[in-house]
Amino acid sequence: MDDARLEAMRAAVRDGDAATAAALAAAVAASGEDPVAAIERGFAAGIRDVGDLWEQGEYFLPELVQGAEAMKAAMAVLAPALARSSAGGASRGRVVIGTVAGDLHDIGKSLVATLLAAHGFEVFDLGSDVPVEAFVAKARETGARLVAASALLTTTMGVQRDLARAVAEAGFDPPVRILVGGAPTSPAWAAEIGAGWAENALRAVAAAEALLE
Ligand code: B1M
């Protein structure tokens, strides 16, 4: 994928232009090119720009929301192409996933959920703003052995710790593992709360595999 097209994807999200973002995503899906590269190097670069511009005081909440809408429009078009990149075969395990309570950011979480499903995991996506009790209840209901939680705010990271504690206290047998991620998190944070960690959606697949070994 050439730099000009990646830059156009980035600009479409940065400008909050959902129609252009969707059209560029459709071209990727039709051509059979790697959807993950388009997301990570194109569209996601644009949404990071939006965050930077917001932080610099150049963008306000409407631009943040429009950028997110453009990103989601591209993701919706690319979802079937992501699913087709599946390894296929038997289920590699059940995973409950969500963004923690108090946190509405769901773009990265949805990307992780899509790639886990594309790699053969059975994924139960609870959405965003998910209370700790809902993660635990869903793990109990489905027999999932992995609970994956995203947090994008420094103020909601602590809920990942609450979740790790609640899962430990629930006494699952066999044990349920925890995977955390999101921009403010780190390997040190994950180690501190007794969870696995992944930097991005592709690495989350490898981390899920390692945790369920
Ligand atoms: Co918000 N926001 N936002 N926002 N927003 C950030 C996160 C922020 C960094 C912007 C900034 O200041 N530069 C900042 C947080 C500061 C902080 O706490 N450190 C911020 C803020 C402050 C806020 C509000 C408080 C603003 C306000 O209202 N005053 C508010 C909070 C609302 C709430 O949640 N209660 C808010 C609201 C919003 C919108 C609703 C407008 C919108 C979200 C829409 C949506 O998701 N449906 C939004 C957006 C879009 C962003 C930015 C611009 C982009 C986030 C994103 O989608 N990134 C963001 C700035 C930034 O990230 N640079 C920002 C793209 C996505 C693909 O990446 O989610 O990081 P990401 O996911 C990555 C990895 O982190 C990882 O894999 C993904 C890539 O492959 N990953 C995992 C994610 N989850 C994982 C889970 C895993 C493993 C890996 O395992 C389980």
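Since we're looking at a predicted model, the values are computed, not measured. In listed order, ligands and their atoms are each counted from 1. This chain uses plain numbering: 1 for the first residue, then up along the sequence.
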Fill in the blank from the handout: Near L179 (heavy-atom distance under 4.0 Å), the atoms of ligand 1 are 90 (O), 91 (C)
Handout entry: T154 N/O under 3.5 Å from ligand 1 N/O
Key = yes
Exercise for the section: Check each of A148, G102, A195 against atom 35 (N) of ligand 1 and report the one with the nearest heavy atom. Expected result: G102
Handout entry: Under 4.0 Å to a heavy atom of V65 - the qualifying atoms of ligand 1, by number
Key = 41 (C)
Problem - From the candidates L153, N200, L146, the one that places a heavy atom nearest atom 25 (C) of ligand 1 - result: L153
Practice task
State the atoms of ligand 1, each with its element, that fall below the 4.0 Å cut-off from a heavy-atom position in A183.
Solution key: 75 (O)
Handout entry: E40: numbered ligand 1 atoms lying under 4.0 Å from its heavy atoms
Key = 79 (C), 80 (O)
Problem - For V77 against A29, the heavy-atom pair lying closest together - result: O-CB, 4.5 Å
Completion exercise
salt bridge (Lys or Arg N to Asp or Glu O under 4.0 Å) with R14: of E7, E63, E58, only one passes, and it is E7
Problem - Shortest heavy-atom approach to atom 87 (C) of ligand 1 - which of G108, G181, A151 - result: G181
Fill in the blank from the handout: Heavy-atom nearest pair, A70 first then A12, reads CB-O, 4.1 Å
Practice task
Report the part of E199 in contact with ligand 1, treating N, CA, C, O as backbone and CB onward as side chain, heavy atoms under 4.0 Å; options are side chain, backbone, both, neither.
Solution key: backbone
Fill in the blank from the handout: Any heavy atom of W197 under 4.0 Å from ligand 1? The part involved is neither
Donor-acceptor pairs are to be reported for all side-chain atoms of residues 161-170 against protein atoms at under 3.5 Å, with residues two or more places apart or in another chain.
from: R161; atom 1: NH2; to: E192; atom 2: OE2; distance (Å): 2.7

Handout entry: Min N/O separation W54 to ligand 1 under 3.5 Å
Key = no
Problem - Among G51, A44, G182, A149, closest by any non-hydrogen atom to atom 82 (C) of ligand 1 - result: G182
Problem - Within one Ile-Leu-Val-Met-Phe-Trp-Tyr cluster: V130 and M157, side-chain cutoff 4.5 Å - result: yes
Practice task
Please work out which of L104, L116, T185, V50 has its closest non-hydrogen atom nearest to atom 33 (C) of ligand 1.
Solution key: L104
Handout entry: Test of proximity, D106 against ligand 1: N or O pairs below 3.5 Å
Key = yes
Handout entry: Residue A201 vicinity, atoms of ligand 1 by number, heavy atom under 4.0 Å
Key = 77 (O), 79 (C), 80 (O)
Handout entry: Salt bridge E133-R140, side-chain N to carboxylate O under 4.0 Å
Key = no
Handout entry: Those atoms of ligand 1 less than 4.0 Å from some heavy atom in L111
Key = 80 (O)
Problem - contact_flag T155 ligand 1 heavy-atom lt 4.0 Å - result: no
Problem - Protein heavy atom at shortest distance from atom 9 (C) of ligand 1 - result: L152 O, 4.9 Å
Practice task
List the steps and the verdict of salt bridge (Lys or Arg N to Asp or Glu O under 4.0 Å) for K138 and E141.
Solution key: CA-CA 5 Å; K138 197 69 183 177; E141 178 198 322; 3.3 Å; yes
Practice task
Heavy-atom contacts with A68 under 4.0 Å: which atoms of ligand 1 show up? List them by number with element.
Solution key: 44 (C), 50 (C)
Problem - Close-contact set for ligand 1 against D103 heavy atoms, below 4.0 Å - result: 34 (O)
Practice task
Under 4.0 Å, heavy atoms only, figure out whether ligand 1 is touched by the backbone of E55, its side chain, both or neither.
Solution key: side chain
Show me the donor-acceptor pairs, under 3.5 Å and distance only, between side chains in residues 180-189 and residues at least two apart or in other chains.
from: T185; atom 1: OG1; to: G182; atom 2: N; distance (Å): 3.4
from: T185; atom 1: OG1; to: G182; atom 2: O; distance (Å): 2.6
from: T185; atom 1: OG1; to: W197; atom 2: NE1; distance (Å): 2.8
from: S186; atom 1: OG; to: A188; atom 2: N; distance (Å): 3.4
from: S186; atom 1: OG; to: W189; atom 2: N; distance (Å): 3.1
from: W189; atom 1: NE1; to: Q160; atom 2: OE1; distance (Å): 2.9

